[in-house]
Asks: 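Next up is a structure, given as structure tokens.
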Amino acid sequence: MTRRRKAAGALAAGAAGLLLALGTAAPAHAAGYRYWSFWESGAGKWTYATQGPATARPADGDAIGFRFALSEDSADATRPTAAPGFSAVCADVEKAPGTKRIAVVVDYGTAKDAPAGETPPEDSPTTACARVGTNGTAADALAAVVKPLRYDSSAMLCGIAGYPARGCGDAVADGPAPSAASAAPKPAAGDQDGGGPSAGLLVGGGAVLALGAAAVWKSRRRA
């Protein structure tokens with residue numbers, strides 16, 4: 001084996017070792033994340049939304065839901081406890097030209113899911129019928145019936161009606177550890193459009209590989 005090949009092999013092994021260390025030392029995966037998940041109605045039940053409220057455009061007669069909870073990932077996310085019943089929520093709201101009606105369910109979760117020092121509102125879950133323009137988004141519907149809303153700089157929905165007062169998709173260190181196959185949760189906001197709280201780990205791993213590749217290239221130039 002040439003000196004160049006030995007150097008390349010050593011650097012690749014070092015990069016792999018650093019990636020392994022990052023994966024085993026990541027504390028953010030200990031239990032899950034506290035965040036607002038976003039749900040859409042379908043066949044009489046809640047379905048985890050595949051896009052964020054800022055881009056989802058429900059039709060007249062649809063229902064949308066938001067649930068604050070501690071969840072391991074999107075597959076583990078807790079649904080709103082109130083059913084997506086458009087007929088009951090919007091029974092007294094007539095459709096007007098140029099508008100659509102959307103049933104909005106907001107479930108603030110339980111005391112177990114609340115951040116330290118905070119308590120979910122007692123009137124949870126709440127329902128309201130939003131009337132928005134025909135091109136209105138789910139975020140528009142939420143804003144029409146609940147205030148204030150709090151977003152972070154990446155448009156992730158952090159708080160509804162002042163709850164929680166702080167934090168946004170925070171990792172929780174205590175509790176049961178998620179399975180190795182579980183994915184990071186989707187944010188529930190103007191995106192659920194982000195890469196999830198664990199995206200930093202993946203970026204960090206990519207940086208380690210990039211640095212290793214650069215070092216190998218330099219060693220070949222010297223050889």
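Because the structure is predicted, anything quoted here is derived from the model rather than measured.
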Asks: Listed by chain and number, what are the side-chain hydrogen bond (donor to acceptor under 3.5 Å, both in side chains) partners of Asp92, not counting sequence neighbours?
Replies: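 Result, side-chain hydrogen bond (donor to acceptor under 3.5 Å, both in side chains) vs Asp92: none returned.
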Asks: Answer yes if the ring centres of Phe66 and Trp39 are under 6.0 angstrom apart, and no otherwise.
Replies: no
Asks: Pair up each side-chain donor or acceptor in residues 155-163 with any protein partner under 3.5 Å, not counting sequence neighbours, and list the distances.
Replies:
none

Asks: Is Arg34 close to Pro164 at the side-chain level, that is, under 4.5 Å between some pair of heavy atoms?
Replies: no
Asks: Please determine whether a side-chain nitrogen of the Lys or Arg among Lys100 and Asp60 lies less than 4.0 Å from a carboxylate oxygen of the Asp or Glu.
Replies: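 The answer is no: the pair does not qualify as a salt bridge.
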Asks: So, for Phe68 and Pro115, which heavy atoms are closest and what is the spacing to 0.1 Å?
Replies: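 Scanning both residues, the minimum pair turns out to be CE2-CD, 3.9 Å.
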Asks: A side-chain contact here means heavy atoms from C-beta on lying under 4.5 Å apart; do Lys45 and Arg79 qualify?
Replies: no
Asks: Counting heavy atoms not belonging to Lys112, are there more than 12 under 6.0 Å from its NZ?
Replies: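 Counting neighbours around NZ of Lys112, 12 or fewer heavy atoms of other residues, nucleotides or ligands fall under 6.0 Å, so no.
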Asks: List the atom of Trp46, the atom of Ala82, and the distance in Å for their closest heavy-atom pair.
Replies: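 In this case the closest contact between Trp46 and Ala82 is NE1-O, 2.8 Å.
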Asks: At their closest point, which heavy atom of Thr81 faces which heavy atom of Pro125, and how far apart are they?
Replies: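 Here Thr81 and Pro125 meet closest at OG1-CG, 3.5 Å.
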Asks: State the CG-NZ distance between Leu149 and Lys147, to the nearest 0.5 angstrom.
Replies: 7.5 Å
Asks: Same hydrophobic cluster for Phe86 and Phe38, using side-chain heavy-atom links shorter than 4.5 Å among ILVMFWY?
Replies: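 In one cluster with Phe86: Phe38, no.
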Asks: Using salt bridge (charged side-chain N to carboxylate O under 4.0 Å, His left out) as the criterion, list what pairs up with Arg150, not counting sequence neighbours.
Replies: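 Per chain and number, Arg150 pairs via salt bridge (charged side-chain N to carboxylate O under 4.0 Å, His left out) with no residue.
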Asks: Can you sort out the partners of Asp152 under salt bridge (charged side-chain N to carboxylate O under 4.0 Å, His left out), two or more places apart, ordered by chain and number?
Replies: none
Asks: Asp113: what forms a side-chain hydrogen bond (donor to acceptor under 3.5 Å, both in side chains) with it, not counting sequence neighbours?
Replies: Thr110
Asks: Consider only side-chain heavy atoms of I, L, V, M, F, W and Y, link residues closer than 4.5 Å, and tell whether Ile102 and Val89 are in one cluster.
Replies: no
Asks: Just verifying a value: how many Å separate Glu94 CD and Cys129 SG, rounded to the nearest 0.5 Å?
Replies: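 So the CD of Glu94 and the SG of Cys129 are separated by 11.5 Å.
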Asks: How many angstroms lie between SG in Cys90 and NZ in Lys95, if you round to the nearest 0.5 Å?
Replies: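 Reported value, rounded in 0.5 Å steps: 12.0 Å.
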Asks: Of all heavy-atom pairs between Tyr35 and Gly169, which one has the smallest distance, and what is that distance?
Replies: CB-CA, 3.9 Å
Asks: When you group the ILVMFWY residues by side-chain heavy-atom contacts below 4.5 Å and let the links chain together, are Val93 and Val146 in the same group?
Replies: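 No.
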Asks: I need the minimum non-hydrogen distance between Ser124 and Val106, along with the two atoms involved.
Replies: OG-O, 4.4 Å
Asks: How many angstroms lie between atom OG1 of Thr78 and atom OH of Tyr48, to the nearest 0.5 angstrom?
Replies: 10.5 Å
Asks: Suppose the criterion is side-chain hydrogen bond (donor to acceptor under 3.5 Å, both in side chains): which pairs have a residue in residues 125-138, not counting sequence neighbours?
Replies: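 Counting only pairs at least two positions apart or across chains, the side-chain hydrogen bond (donor to acceptor under 3.5 Å, both in side chains) contacts touching residues 125-138 are Arg57-Asn135, Thr137-Asp140.
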Asks: Closest approach of Ala130 and Ala141, non-hydrogen atoms and distance?
Replies: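 The answer is CB-O, 3.4 Å.
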Asks: Please check: side-chain N/O of Arg67 versus main-chain N/O of Ser37, any donor-acceptor pairing under 3.5 Å?
Replies: no
